[in-house]
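Before any comments, here is the structure.
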Amino acid sequence: MTSLSRVTVFLTAALSLCVCGAAQAKSHLSRDELKVLSNATVAVVYMDSDRAVWPYIDRHSGTTPMSMALADDLNERQYQNFLARVTPYQGTLDRLSLPDSNRKAVQDALASVSFLHEAPWVTVVPDPKDHLFMREQGLKTKANVVIFIRPRLELNDDADGLYMVTLIDIETLDATGTTLQHYESAEVSTDVDVDDDKLPPVAGSPAPGTGEEDIRAARLFADDGAGFKPFYFQLLKQAQQKLYYFFTGEDTPPPPAAAAAAK
């Protein structure tokens with residue numbers, strides 16, 4: 001049996017000890033999984049984004065044609081409200097370089113994870129039109145285990161909730177070394193409420209008929225995002241803690257590198 005075959009068999013057997021059901025939320029890797037990963041070649045493919053903030057949609061669904069149409073309308077209304085809140089401040093969001101901050105926060109959070117300490121790290125922007133994009137990127141790493149990480153910073157349509165939703169996919173190289181086999185998908189999510197009492201005031205009086213959501217967005221992004229930054233850094237710190245916990249199972253404070261990045 002070749003070296004690659006032995007590693008693949010070992011991974012398949014050991015990882016199968018703790019396969020979780022689809023309905024079960026997985027908060028961290030198990031002890032068996034961590035043992036496997038510490039003895040395998042691991043690479044990280046970070047799925048970057050050129051979009052500063054995504055819409056957080058509290059999705060509605062339906063079971064009848066009428067209820068499904070109503071749900072679609074509610075979902076679309078949330079999306080349009082999000083655009084109305086965010087679009088006027090796109091310049092501010094661009095200057096904040098949020099995708100770069102998100103990437104650094106994730107890297108710093110994982111810097112003290114033993115099996116990721118020296119793992120190759122590749123940053124790519126996914127191509128939604130290329131169904132083989134992830135497989136091709138994973139095979140380029142030549143690692144036995146490839147971890148895809150995709151964080152998304154999200155804001156709800158009322159501008160009173162920030163979310164960091166990080167999707168994690170773990171793939172293993174098959175015995176032939178020519179393709180990847182899917183092992184695990186997980187979602188690590190954190191959220192922070194935007195407290196109006198902690199937002200700075202805006203200059204001047206709002207125009208008549210301006211909704212409280214629009215006023216909140218203006219306060220959030222005024223002065224190059226002065227009101228936004230404290231909530232964002234709080235969210236980053238929480239996201240780093242959850243990521244560190246997912247990859248270690250250690251419910252401890254974030255490592256120094258992660259703590260420094262969230263200031």
Side-chain angles (χ1 to χ4, degrees), residues 47-62 65-106 109 125-126 128 150-167 187-243 261-263:
M47 310 288 276
D48 211 345
S49 171
D50 55 3
R51 188 169 183 171
V53 181
W54 296 76
Y56 174 83
I57 305 297
D58 186 12
R59 293 204 172 275
H60 298 80
S61 58
M66 182 175 293
S67 63
M68 287 189 288
L70 178 61
D72 288 342
D73 181 64
L74 291 172
N75 294 334
E76 178 63 21
R77 191 179 308 171
Q78 288 183 79
Y79 179 66
Q80 293 302 325
N81 288 340
F82 164 82
L83 291 180
R85 304 281 124 73
V86 169
T87 301
Y89 310 102
Q90 190 59 55
T92 295
L93 290 168
D94 291 341
R95 288 191 294 274
L96 290 172
S97 300
L98 298 176
D100 292 339
S101 298
N102 296 342
R103 182 172 63 252
K104 186 177 187 309
V106 172
V125 176
R150 181 185 306 189
R152 283 169 50 131
L153 175 64
E154 301 181 354
L155 177 70
N156 67 1
D157 63 321
D158 289 334
D160 64 358
L162 272 174
Y163 305 80
M164 183 67 79
V165 180
T166 304
L167 303 179
E187 181 179 293
V188 177
S189 301
T190 54
D191 62 89
V192 169
D193 292 330
V194 175
D195 186 347
D196 287 352
D197 293 337
K198 296 181 180 179
L199 288 173
V202 292
S205 301
T210 303
E212 64 177 21
E213 298 87 356
D214 295 307
I215 295 173
R216 182 181 301 115
R219 296 174 66 189
L220 195 62
F221 297 113
D223 299 325
D224 278 336
F228 170 84
K229 290 175 184 177
F231 297 108
Y232 172 62
F233 291 138
Q234 180 185 350
L235 182 70
L236 278 189
K237 186 174 181 179
Q238 293 179 5
Q240 287 177 320
Q241 176 65 74
K242 278 202 171 182
L243 281 171
K263 290 181 180 178

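For reference, positions follow the sequence shown, starting with 1. All values derive from a computational prediction rather than experimental measurement.
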Could you tell me which residues satisfy salt bridge (charged side-chain N to carboxylate O under 4.0 Å, His left out) with Asp100, sequence neighbours excluded, listed by chain and number? Arg103
Under 3.5 Å, is there a donor-acceptor pair between the side chain of [X] and the main chain of [Y]?
X	Y	answer
Gln240	Ala105	yes
Asp73	Ala69	no
Asn156	Asp160	yes
Arg219	Val202	no
Arg216	Asp158	yes

Can you confirm whether [X] sits close enough to [Y] that some side-chain heavy atom of one is under 4.5 Å from a side-chain heavy atom of the other?
X	Y	result
Leu83	Tyr79	yes
Asp224	Arg95	yes
Gln234	Leu162	no

Run the side chain to side chain contact (heavy atoms under 4.5 Å, CB included) test on Val192 and Gln238 for me, step by step, so that the C-alpha distance in whole Å, both residues' side-chain angles and the decisive distance to 0.1 Å come before the verdict. CA-CA 9 Å; Val192 169; Gln238 293 179 5; 3.8 Å; yes
Which distance, rounded to the nearest 0.5 Å, do you find between the [atom1] of [X] and the [atom2] of [Y]?
X	Y	atom1	atom2	answer
Leu235	Lys237	CG	NZ	13.0 Å
Ser189	Lys242	OG	NZ	7.0 Å
Asn102	Asp48	CG	CG	8.5 Å
Ile215	Leu199	CD1	CG	11.5 Å
Glu212	Asp196	CD	CG	7.5 Å
Leu153	Met164	CG	CE	5.0 Å

Applying ring-ring contact (aromatic ring centres under 6.0 Å, His included), name anything that partners Phe231, two or more places apart in sequence or on another chain.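 Result, ring-ring contact (aromatic ring centres under 6.0 Å, His included) vs Phe231: none returned.
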Just jot down the ring-ring contact (aromatic ring centres under 6.0 Å, His included) partners of Tyr232, sequence neighbours excluded, or say none.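 Counting only residues at least two positions away or on another chain, Tyr232 forms a ring-ring contact (aromatic ring centres under 6.0 Å, His included) with Phe228.
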For the residue pair [X] and [Y], what are the closest heavy atoms and their distance?
X	Y	answer
Pro151	Val106	CG-CG2, 4.3 Å
Ser49	Pro99	O-CB, 3.2 Å
Ala52	Leu93	CB-CB, 4.0 Å
Val194	Gly161	CG2-N, 4.0 Å
Phe221	Leu155	CZ-CD2, 4.2 Å

Salt-bridge test for Arg85 and Asp157: reply yes if a basic N is under 4.0 Å from a carboxylate O, no otherwise.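 No salt bridge links Arg85 with Asp157.
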Report the residue from Glu76, Gln78, Arg77 that forms a side-chain hydrogen bond (donor to acceptor under 3.5 Å, both in side chains) with Gln80.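 With Gln80 as partner, Glu76, Gln78, Arg77 yield a single side-chain hydrogen bond (donor to acceptor under 3.5 Å, both in side chains), made by Glu76.
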